[in-house]
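Scroll down for the structure; my scribbles are underneath it.
Note that this is a predicted model, so its numbers are computed, not measured.
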Amino acid sequence: MHAYDYSFEAKVELLDFGRMAYTVVYLPAAQKRHLPLAQHPRLRIDGEVNGVPFHGALQPAGEDRFYLILSKRYLK
């Protein structure tokens with residue numbers, strides 16, 4: 001298992017699928033090249049969002065982009 005220590009700032013955005021919408025943060029391209037996303041396209045991660053512990057997965061968004069879904073808990 002590998003440990004990565006990266007941080008980034010990103011804008012919180014709405015990803016709208018019509019009947020479903022998610023609040024997401026897109027992974028910046030500069031961070032993407034440091035992670036094994038080719039081998040693990042839904043890479044599980046641990047970290048913090050504004051100081052709140054976060055456990056989730058980077059999700060592929062097409063166009064070589066990845067995002068994190070933020071629940072309402074993280075948005076408070």
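No side-chain heavy atom of T23 sits less than 4.5 Å from a side-chain heavy atom of L15. Using a 4.5 Å cut-off on side-chain heavy atoms (C-beta onward), V12 and V24 make no contact. In this structure the side chain of L43 reaches within 4.5 angstrom of the side chain of P36, judged on heavy atoms. At a threshold of 4.5 Å between non-hydrogen side-chain atoms, the residues F8 and V25 count as touching.
Going from atom CD1 of I45 over to atom NE2 of H40 covers 14.0 Å, rounded to the nearest 0.5 Å. Taking CG from L70 and CZ from F54, the interatomic distance works out to 6.0 Å, rounded to the nearest 0.5 Å.
Under the rule for a side-chain contact (heavy atoms from CB on, under 4.5 Å), the partners of P60 that lie at least two apart in sequence or sit in another chain are R42, F66.
Residues V52 and Y22 do not share a hydrophobic cluster, clusters being chains of Ile/Leu/Val/Met/Phe/Trp/Tyr side chains in contact below 4.5 Å. By the rule that hydrophobic residues join a cluster once side-chain heavy atoms approach within less than 4.5 Å of another member, I69 and M20 end up as members of one cluster.
Checking each of R65, K32, Q59 against L27 for a side-chain contact (heavy atoms from CB on, under 4.5 Å) leaves exactly one that passes, namely K32.
Taking each heavy atom of A57 and L68 in turn, the nearest pair found is O-CD2, 3.8 Å.
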